[in-house]
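The structure appears below as structure tokens.
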Amino acid sequence: MACALDGIRVLDVTQVMAGPFASMVLCDMGADVIKVEHPKSGDTIRTHGPFPGDIPDKEKSGLHLFLNTNKRSITLNTSEREGRDILLKLITQVDLVISNMTLARTEREGLDYETLSRDNSSLVLSSITVFGYDTPYRHWEGSALTATAASGISKRIGDPNKQPLWIPYCAADFQGGIHGAISALLALRMRKKTGLGQH
């Protein structure tokens, strides 16, 4: 059965939840997704349960397995030249990159959109960040909890005289992932008209 994203190749260079969820949505729509993990640590989501028998095991994290079902994978250390060169070679063969790297890491490792698209002008890059890459707060780092508090929703839940509450079920992460996938789909649609990628 044909799927909406048959023939679309995606490189997933994300960690934890929002990014992997975005690429999971695209994978479920038929995209061929390659997950990139660090050779030693892997995606830190591997340390989150549930685990069978409550015994932590990086290969058996239920959350990791859920978010990365049907993806292919490769390990690369992009902070070293060899890993970065392999990544840049892979990028010439994909349509889309999903990333949630901080701006500081992007700059440190030379993985900005201009560099990534140098040999692939039709490349789409969907960056999932709390504060964006083109805002006055672009160098601020944040998490789903930061995004939840910044949105103002924390003021509406829990006791107003106590610390802000976390939205249940990792809602901020999943919302970030959904929006990352939607923006990627819109950019791929625009690419059909212009032939050009975008960040």
Please tell me if the side chains of [X] and [Y] come closer than 4.5 Å, counting only heavy atoms from C-beta onward.
X	Y	answer
R46	D57	no
V130	W140	no
L96	R9	no
T47	I45	no
M17	M24	no
L5	L185	yes
E141	R105	no
T129	N100	no

Testing the 3.5 Å rule here: is there a donor-acceptor pair between the side chains of S99 and S127?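 No, no side-chain donor-acceptor pair sits under 3.5 Å.
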Distance alone, cut at 3.5 Å: any donor-acceptor contact between the side chains of T115 and D112?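 Present: a donor and an acceptor within the cut-off.
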Other members of the hydrophobic cluster containing L88, with the 4.5 Å side-chain heavy-atom rule, please.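 Direct or chained contacts put L88 with L11, V13, I34, V36, I74, L76, I86, L87, L90, I91, V94, V97, M101, L103, L111, Y113, L116, L123, L125, Y133.
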Considering all heavy atoms of both residues, which atom of S23 and which atom of I98 are nearest to each other, and what is their separation?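 Reported closest heavy-atom pair: CB-CG1, 4.4 Å.
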If hydrophobic clusters are built by linking Ile, Leu, Val, Met, Phe, Trp and Tyr wherever their side-chain heavy atoms come under 4.5 Å apart, do [X] and [Y] end up in the same one?
X	Y	answer
F66	V25	yes
I178	V10	yes
L186	L26	yes
M29	V33	yes

Apply side chain to side chain contact (heavy atoms under 4.5 Å, CB included) to residues K35 and R72 and explain how you reach the verdict. CA-CA 6 Å; K35 169 81 173 176; R72 296 188 290 153; over 6 Å; no
Backbone N or O of [Y] within a donor-acceptor pair of the [X] side chain at under 3.5 Å?
X	Y	result
S122	L196	no
D119	T92	no
R138	G132	no
K71	P20	yes
D6	C3	yes
E37	T75	no
S151	T148	yes

Atom CD of residue position Q93 - does it have more than 12 heavy atoms of other residues, nucleotides or ligands inside 6.0 Å?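 Enclosed: over 12 neighbouring heavy atoms sit under 6.0 Å from CD of Q93.
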State plainly whether the residues K89 and D85 are in salt-bridge range, i.e. N to O under 4.0 Å.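 No salt bridge links K89 with D85.
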